[in-house]
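Heads up: the structure comes next, in structure tokens.
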Amino acid sequence: MLALTVLTACAGPYQYYGGTGLHDATTAEVAGGWENVEGTQVVLREDGTALLERLDGKDFDFEDGWRLSGTGTWQLTDEEGGQVVRLALTTRTRVERRFPVTATDAAVPEPPSAYAWSFYVDRDPHDELQLFFFYGDPDTGNAYVMTRKPVS
């Protein structure tokens, strides 16, 4: 019994996350502009291409502090636990940092030139779509939430 407790003590909220259970979103509904309170902008085009601006890394990659911009592809998948948007950065055009890095800071890894995210698809209390992934330490359960960008 003690061994089981020790093995599961580090299992954070999202390590076994099964999804939102949402299965009714359409590709047309997901396509469009998305934003985050940190200034992230993502455009998911109906043709399956994507434009990303200042998108942070998922899971522990978030701790590295890089924010990627560029172009890529996306698709809406429907899995047992719910729908997921698979987003892939294929061409990186810019890298920004959430915090300054000095030239002598050898511990900071080089940001990736290509990267992939899996956004869970959910609806808020007003039935509007939200996209999110988890970031940072799994024991904290932090969610990086993207909401629909208002149409100007």
Side-chain angles (χ1 to χ4, degrees), residues 12-138 140-152:
Y14 75 83
Q15 288 183 340
Y16 302 107
Y17 187 73
T20 63
L22 186 75
H23 296 281
D24 66 351
T26 65
T27 300
E29 188 179 17
V30 173
W34 296 88
E35 63 184 2
N36 176 278
V37 296
E38 298 293 325
T40 299
Q41 304 280 324
V42 174
V43 177
L44 305 175
R45 297 182 182 125
E46 289 190 31
D47 67 359
T49 60
L51 177 63
L52 299 72
E53 293 289 330
R54 296 181 302 277
L55 186 54
D56 295 285
K58 64 184 192 252
D59 303 326
F60 280 113
D61 290 339
F62 182 85
E63 306 299 332
D64 293 337
W66 45 256
R67 309 186 83 201
L68 302 177
S69 296
T71 58
T73 61
W74 73 279
Q75 69 178 44
L76 177 64
T77 63
D78 196 352
E79 301 174 10
E80 184 178 333
Q83 291 174 296
V84 175
V85 170
R86 306 275 183 210
L87 176 62
L89 174 74
T90 55
T91 303
R92 185 181 80 186
T93 58
R94 189 173 70 243
V95 175
E96 296 178 29
R97 298 238 178 231
R98 286 191 317 280
F99 50 83
V101 176
T102 64
T104 59
D105 193 354
V108 177
E110 178 67 24
S113 58
Y115 196 77
W117 294 263
S118 294
F119 286 89
Y120 295 104
V121 181
D122 202 5
R123 292 193 185 276
D124 69 13
H126 304 287
D127 208 32
E128 298 294 324
L129 284 183
Q130 292 181 334
L131 307 178
F132 69 95
F133 62 82
F134 293 106
Y135 69 92
D137 185 333
T140 62
N142 292 322
Y144 193 95
V145 179
M146 302 289 294
T147 57
R148 178 67 67 191
K149 185 176 179 180
V151 178
S152 321

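What you are looking at is a predicted structure, and each value in this text was computed from that prediction instead of being measured. In what follows, every heavy atom counts, from backbone to side chain, and hydrogens, waters and symmetry copies are set aside.
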Original post:
In terms of ring plane angle, is the pair Phe132 and Tyr120 parallel, tilted or perpendicular, where the classes change at 30° and 60°?
Top reply: tilted

Original post:
What pair of heavy atoms forms the shortest contact from Gln75 to Thr77, and how long is it?
Top reply: NE2-CG2, 3.3 Å

Subject >> Under 3.5 Å donor-acceptor, Ser69 side chain and Thr93 backbone >> reply: no

Original post:
Angle class for the Phe133/Tyr144 ring planes (parallel below 30°, perpendicular above 60°, tilted otherwise)?
Top reply: parallel

**OP:** Just jot down the ring pair (Phe, Tyr, Trp, His ring centres under 6.0 Å) partners of Tyr115, sequence neighbours excluded, or say none.
**Re:** Trp66, Trp117

**OP:** Determine the minimum heavy-atom distance between Ser113 and Leu89, stating which atoms define it.
**Re:** O-CD2, 4.1 Å

Original post:
Once you round to the nearest 0.5 Å, how far does CG of Leu51 lie from OG1 of Thr91?
Top reply: 11.5 Å

Original post:
Atom CG in Asp24, atom CG in Leu129: separation rounded to 0.5 Å?
Top reply: 8.0 Å

**OP:** For the residue pair Thr20 and Tyr17, establish whether any side-chain heavy-atom pair is separated by less than 4.5 Å.
**Re:** yes

Subject >> Whether Arg67 side chain and Gly39 backbone form a donor-acceptor pair below 3.5 Å >> reply: no

**OP:** Under the side chain to side chain contact (heavy atoms under 4.5 Å, CB included) rule, what do Trp34 and Arg148 come out as? Steps first, then yes or no, please.
**Re:** CA-CA 5 Å; Trp34 296 88; Arg148 178 67 67 191; 3.3 Å; yes

Subject >> Gap separating the OG1 atom of Thr27 from the CG atom of Asp47, nearest 0.5 angstrom >> reply: 12.0 Å

Original post:
To the nearest 0.5 Å, what is the distance between CD (Glu53) and CD (Glu35)?
Top reply: 13.0 Å

Subject >> Full working for side-chain hydrogen bond (donor to acceptor under 3.5 Å, both in side chains) between Thr40 and Glu38 >> reply: CA-CA 6 Å; Thr40 299; Glu38 298 293 325; over 6 Å; no

Original post:
So Asp137 and Phe60, side chain to side chain contact (heavy atoms under 4.5 Å, CB included) or not? Walk me through it.
Top reply: CA-CA 6 Å; Asp137 185 333; Phe60 280 113; 4.2 Å; yes

Original post:
Which heavy-atom pair separates Val84 from Ser118 by the least distance, and what is that distance?
Top reply: CG1-CB, 3.8 Å

Original post:
Just by modelled atom types, is the Asp64 backbone N or O under 3.5 Å from a matching donor or acceptor in the Arg98 side chain?
Top reply: no

Original post:
To the nearest 0.5 Å, how far apart are CG in Leu131 and CG in Leu87?
Top reply: 9.5 Å

**OP:** For Trp74, check ring pair (Phe, Tyr, Trp, His ring centres under 6.0 Å) against everything at least two apart and list the hits.
**Re:** none

**OP:** Check whether any side-chain heavy atom of Thr71 lies under 4.5 Å from a side-chain heavy atom of Thr49, and answer yes or no.
**Re:** no

Subject >> Straight-line distance of Leu52 CG to Arg94 CZ, nearest 0.5 Å >> reply: 11.0 Å

Original post:
Listed by chain and number, what are the side-chain hydrogen bond (donor to acceptor under 3.5 Å, both in side chains) partners of Asp78, not counting sequence neighbours?
Top reply: His23

Original post:
Between Thr147 (side chain) and Gln130 (backbone), is there a donor-acceptor pair under 3.5 Å?
Top reply: no

**OP:** List the atom of Gly72, the atom of Thr90, and the distance in Å for their closest heavy-atom pair.
**Re:** CA-OG1, 3.4 Å

**OP:** Mark yes or no for whether Lys149, through its side chain, and Val42, through its backbone, hold a donor-acceptor pair below 3.5 Å.
**Re:** no

